[in-house]
Amino acid sequence: MNLAKAYEPNQYEPNIYALWETSGAFKPKGVGEPFSTVMPPPNANGNLHVGHALDTALKDISVRYKRMKGFDAVYIPGADHAGFETWVVYEKELQKQGKSRFDFTREQLYSQVWDFVDQQRGNMELQVRALGASASWDDMVFTLDNKVVETVYDTFKKFWDEGLIYRGERIVNYSTKYQTSYADIEVDHKVEKGTLWHIAYPLVDKIGEVVIATTRPETLFGDAAVAVHPEDERYKHLIGNKVILPLTNREITIIADEYVDPAFGTGAVKITPAHDPNDFEVGKRHDLPRLQVIDFDGTMINVPQQFAGLDVEHARKQTLAALQAQELIRKEEPIEHTVGYDYKSGLPIQPLIKEQWFLRMTPLAAKAIEVLEAGEITFYPAGRKNILIQYLKGIHDWNLSRQIPWGIPIPAFQNVADDTDWIFNKNVDEKTIVVDGKTYRREEDTFDTWFSSGQWPYITTDYLDNGPLARFFPTSLMETGTDLLDRWIARMIMLSLYQTGKVPFKDVYLHGMVLDEHSQKMSKSKGNVINPMEMVSEYGSDALRLGLIASRSPGQNQAFSVDRVIAGRNFCNKLWNITRFAEHKLGDNFQPSTPEARSLADHWIIAELDNAKQTIERALDSYRYAEAGEALYHAIWDSVADWYIEASKDQDNLDLLAWVLDTSLKLAHPFAPFVTETIWQTLPWHNTLLINETWPETIPYNDISAAEFGQVQKIVSEARFVATSLPGNDRYGLLYFEDSLIEENKELIKRLAKLNEVTQTEQAKGLRLALANHDAWLDVSEKTLEEHKGNLEMRLATTHQEIAALEGRLNNKNYTSKAPAHLVEESRKQLEEKQALVERLLSELEILK
RNA sequence: GGGCGCUUAGCUCAGUUGGCUAGAGCAUCUCGUUUACACCGAGAGGGUCGGGGGUUCGAAUCCCUCAGCGCCCACCA
């Protein structure tokens, strides 16, 4: 025992975590209603950021709360190989070593990244532990674990067999920097000011020209046609004619297509099937050749000598210069248009043609929309559901292929003799295989990360194999950032419905981004990144947790506040010092027996804690963490520390004091697990772990006694208020007429209001306190009284105003007839009290005259 | 072009079916070394809830409108 004067979190946290973990406290108990949540696999490629800390805090609060409530709770940890994200990090490492991906084979790269990730993973797991996550580490899943890969293959196979997977040559979003294609949602669209160039294409057999408009002149080398609207009178007569493609001697045809908007630009569009999704479609309709002029590394190919090898930007400049030289530019028009950018490198995305594996999304999305509309999943905040439905309604087929070595290989092989012949085969370690006498070459691409993490809930619970955690599927709570609504939540729902026929989770809680203290997005380049581990070491893990959840609502991006973390630390210290007081009072060997309310304060504190408990329950049951945290904070600080501990100095109800401490620790445990467990371990009457305790139960108390303590508080507050507003620093005596409440709580009132003495009197004198139900006076001198007169008059004026407002309300027949009865009743009571107060204030002023 | 969100105290933000005198943390001011805690205690000041209109007995909360800020989605060159 003998606790230090202040709580030093670093001294206790690692030991407490080890105590929990080694005791098996994080493992599901196998009894009770299941409650489960899975860690959104943090990327296994670096340090946790403060968003992870928030995520962990929210989930762990829910898990600890449910565990204490008797649920069979499990928090399943995970780690994500985070294919592309990790790849980018690793490629930078390679660069530092002066190497590139092309120096190694796929197998070599894979094993190098594996080692790299393995190292990072350990670090990440330690950080999750430091955050206090009560995760069941034995059930940890890594997205490259065998069972994950096997399930991913099975799912892929099922899609393949049922015709939902197809291999297609299509325009894909291509990152020339990382040399891989992206999914649609990985492209950042930005509205920009650009230029629309009007370029003349001379007619072949006639005199004249057709002027097309384009924002990408450098792609003209890939043009396969010029398109106009079939009904456009300006061009109707030219349809079928040929033009000469400038800077080349190629002839291309003028075609008609509904796609062209006659009102835009010149009404004539160059068609470049290999480098624009719309043109690709037009090209398909008209059977146009696809001439690729931008290579996968972002440089020009299949173009005249002078442009070959240039990157896109330079090619554009030189093309324009060449066109200018031939006087073919008719106009330059400023334009606002959207440009797609690589979300990772910030460079423009090139639409390029590539053969990729696609998953047909429409049937999957339709099922998802169905269950969402049926309300099978509850969203916090609720509005996100409709956003998701909207997304699903407009979904496109999903490009599953990534041209990076780090990931789950796509288990497909292509016949070397027939490039349309693809077969499914899991033997991805072989470069070639022979099946039925035919030789097949391995697909070198890997899966989009989200294809594996999209199956997370049923993989982590081993639902498909009916593993030991299968009872936890569908999971109870999926908690993640709002930014993952489309790319993760949507996919989990679709894939889960497809594979299991069930929704993957019942509740979805989406938290916003944690911004810096000035509401700016945190980024390395701005240098405003807050490292959660630094917060933990400076203020403690609990403090960080409390600070993160305070005043934070779902779906809303909100600033991080060190002040709130400090407030959290102070709260932990408060709990610590409440314990020190109790320790002092109870001694080293205290063993409590049944607690029982005796004093008014006893009844009151039981009521307060019961109230707080119910508020916390209501809030946590609907994931209103901030509200729960606030209720806890005030129950502990205001009620327990400021009133009950103070009252305990004048009384000895040790059993109840111990109960109050226990109850406080239990209520606080989900929010501040480390400090509460640390304290619990010091209490001589416990030899258990707090994490395994049950949620507190209230004990009998009496409402009337509790309310009477409220009266005592009013007397104390009024005496304090009046005394501090009086001149000088005098301590005053309190006089009162026959009043059993004051009588019985004399000592308490005296100490709390810092009075010299509290005495019964026959004759009132001094300053009458503005109390509705008690006659009490501060024993002050005439002179002080005189100086206080102004205060009294102000008090009287405001009370008159309040009375007028109350009377106005009560005189309104609509109010008395339509408002709920208890509100009307309350107004009446208030009016009476205010009126009594006025009487007192008046008589007080009368004396002063 | 659609969709969503935000605007409440000096700062950062809560405020769930409309209902006590609109709250919190920090900051500010005044007192205070009462042995649990200065990572403290007591008290105080500070908001016409972005503007305007409407519904209602009653609006920060619901509806309309205007203004400012932010986000997401969308293959018009």
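Throughout, protein chains are lettered first and strands after them, A, B, ... in sequence-line order, and every chain is numbered starting at 1.
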- Out of B:rA36, B:rC39, B:rG15, whichever nucleotide has its closest atom nearest the side chain of A:K649: B:rA36

- Mind checking A:Y259 for me? I need base, sugar-phosphate or nothing, with any heavy atom below 4.0 Å counting as a touch. base

- Gap in Å between the two P atoms, one belonging to B:rA24 and one to B:rG5, rounded: 28 Å

- For A:I387 and B:rC73, what is the distance between atoms CD1 and P respectively, to the nearest whole Å? 11 Å

- Between A:P554 and A:A641, which has a closest nucleotide on RNA chain B that is more 5'? A:P554

- Item | Any A:W197 side-chain N or O less than 4.0 Å from OP1/OP2 of B:rA77 | no

- Query: Which pair of non-hydrogen atoms, one from A:L657 and one from A:S648, has the smallest distance, and what is that distance?
  - Reply: CD1-OG, 4.0 Å

- Identify whether any heavy atom of A:R809 sits under 4.0 Å from a base atom; if not, whether one sits that close to sugar-phosphate; answer base, sugar-phosphate or nothing. sugar-phosphate

- Rounded to the nearest Å, what distance is computed from the OH atom of residue A:Y815 to the C1' atom of nucleotide B:rC57? 9 Å

- C1' atoms of B:rA59 and B:rC20, separation to the nearest Å: 16 Å

- Message: Over all strands shown, is A:S561 touching base, sugar-phosphate only, or nothing at heavy-atom distances under 4.0 angstrom?
- Response: nothing

- Task: Would you indicate what A:V260 reaches in the nucleic acid, counting non-hydrogen atoms under 4.0 angstrom: base, sugar-phosphate, or nothing?
- Result: base

- Task: Respond yes when some side-chain nitrogen or oxygen of A:K574 is under 4.0 Å from OP1 or OP2 of B:rG41, and no when none is.
- Result: yes

- Message: With rounding to the closest Å, how many angstrom separate the C1' atoms on B:rC11 and B:rG47?
- Response: 14 Å

- Rounded distance in Å between the P positions of B:rA74 and B:rU56: 43 Å

- Query: Counting any heavy atom closer than 4.0 Å, what does A:A227 reach on the DNA or RNA strands: base, sugar-phosphate only, or nothing?
  - Reply: nothing

- Task: Please state how far atom CD in A:Q390 lies from atom C1' in B:rG2, giving the value in whole angstrom units.
- Result: 7 Å

- Query: Who is the Watson-Crick or G-U wobble partner of B:rC40, with both distances under 3.5 Å?
  - Reply: B:rG32

- Can you list every ring-ring contact (aromatic ring centres under 6.0 Å, His included) pair that touches residues 540-571 of chain A, not counting sequence neighbours? A:F571-A:Y633

- Message: Does B:rG15 have OP1 or OP2 under 4.0 Å away from a side-chain N or O of A:R552?
- Response: no

- Query: What nucleic acid atoms does A:A213 come within less than 4.0 Å of, heavy atoms only: base, sugar-phosphate, or nothing?
  - Reply: base

- Message: Measuring only the C1' atom in each nucleotide, how far is B:rA22 from B:rC49? A whole number of Å is fine.
- Response: 8 Å

- Message: Between B:rU21 and B:rU17, how many Å separate the two C1' atoms, rounded to a whole number?
- Response: 24 Å

- Verify the distance criterion only: is there a donor paired with an acceptor across the side chains of A:R216 and A:T214 at less than 3.5 Å? no

- Task: Scan A:P820 against the nucleic acid and name what it touches under 4.0 Å (heavy atoms): base, sugar-phosphate only, or nothing.
- Result: base

- Over how many whole Å does the gap from A:I578 atom CD1 to B:rG41 atom C1' extend? 14 Å

- Task: Report yes if a side-chain nitrogen or oxygen of A:N557 is closer than 4.0 Å to either non-bridging phosphate oxygen (OP1 or OP2) of B:rC71; otherwise report no.
- Result: no

- Message: Between P on B:rA74 and CD1 on A:I395, what's the gap in Å once rounded to a whole number?
- Response: 10 Å

- Query: Contact class for A:A819 vs. all strands (heavy atom < 4.0 Å): base, sugar-phosphate, or nothing?
  - Reply: base

- Message: For the residue pair A:Y7 / A:N577, report whether a side-chain donor-acceptor contact shorter than 3.5 Å exists.
- Response: no

- For B:rG10 versus B:rG70, give the span between their C1' atoms, rounded off to a whole number of Å. 23 Å

- Note on the structure: Once base and sugar-phosphate atoms are separated, protein heavy atoms under 4.0 Å mark nucleotides 42-47 of chain B, 5' to 3', with B, S and - as SSS---

- Message: What's A:E8 touching, base or sugar-phosphate or nothing? Going by heavy atoms closer than 4.0 Å.
- Response: base

- Query: Rounding to a whole Å, what distance do you find between A:R569:CZ and B:rA38:C1'?
  - Reply: 11 Å

- Among side-chain atoms of A:D507 and A:Y623, is any donor-acceptor pair under 3.5 angstrom? yes

- Pick base, sugar-phosphate or nothing for A:K585, based on heavy-atom distances below 4.0 Å to the nucleic acid. nothing

- What is the nucleic acid contact for A:T338, judged by heavy atoms within less than 4.0 Å: base, sugar-phosphate only, or nothing? base

- Item | A:H286-A:D257 side chain donor-acceptor pair, cut-off 3.5 Å | yes

- Query: Taking any strand in view, what nucleotide pairs with B:rU7 in a Watson-Crick or G-U wobble way, both distances under 3.5 Å?
  - Reply: B:rA67

- Task: Report the distance from atom CD of A:E627 to atom P of B:rG15, rounded to the nearest whole Å.
- Result: 8 Å

- Note on the structure: The residue, A:K818 or A:N577, whose nearest nucleotide of RNA chain B is more 5′ is A:N577

- Do A:K270 and A:T219 get their side chains close enough for a donor-acceptor pair, meaning under 3.5 Å? yes

- Nearest non-hydrogen partners of A:H229 and A:V260, listed with the distance: CD2-O, 3.1 Å

- Task: Classify the side-chain pair A:S827/A:K829 by whether it contains a donor and acceptor separated by less than 3.5 Å.
- Result: no

- Calculate the interatomic distance between A:N573 atom CG and B:rG41 atom P; express it in whole Å. 10 Å

- Note on the structure: Per atom distances to the A:D261 side chain, the nearest of B:rA24, B:rC76, B:rA38 is B:rC76

- Message: Please tell me if A:Q558 has a side-chain N or O lying less than 4.0 Å from either OP1 or OP2 of B:rA14.
- Response: yes

- Any donor-acceptor N/O pair under 3.5 Å between B:rA36 base and A:E646 side chain: yes

- Query: So, A:E333 and A:H198: side-chain donor and acceptor under 3.5 Å apart, yes or no?
  - Reply: yes

- Task: Ignoring hydrogens and angles, state whether a donor on the side chain of A:Q558 or A:S553 is under 3.5 Å from an acceptor on the partner side chain.
- Result: yes

- In whole angstrom, give me the gap between the P atoms of B:rA60 and B:rA38. 42 Å

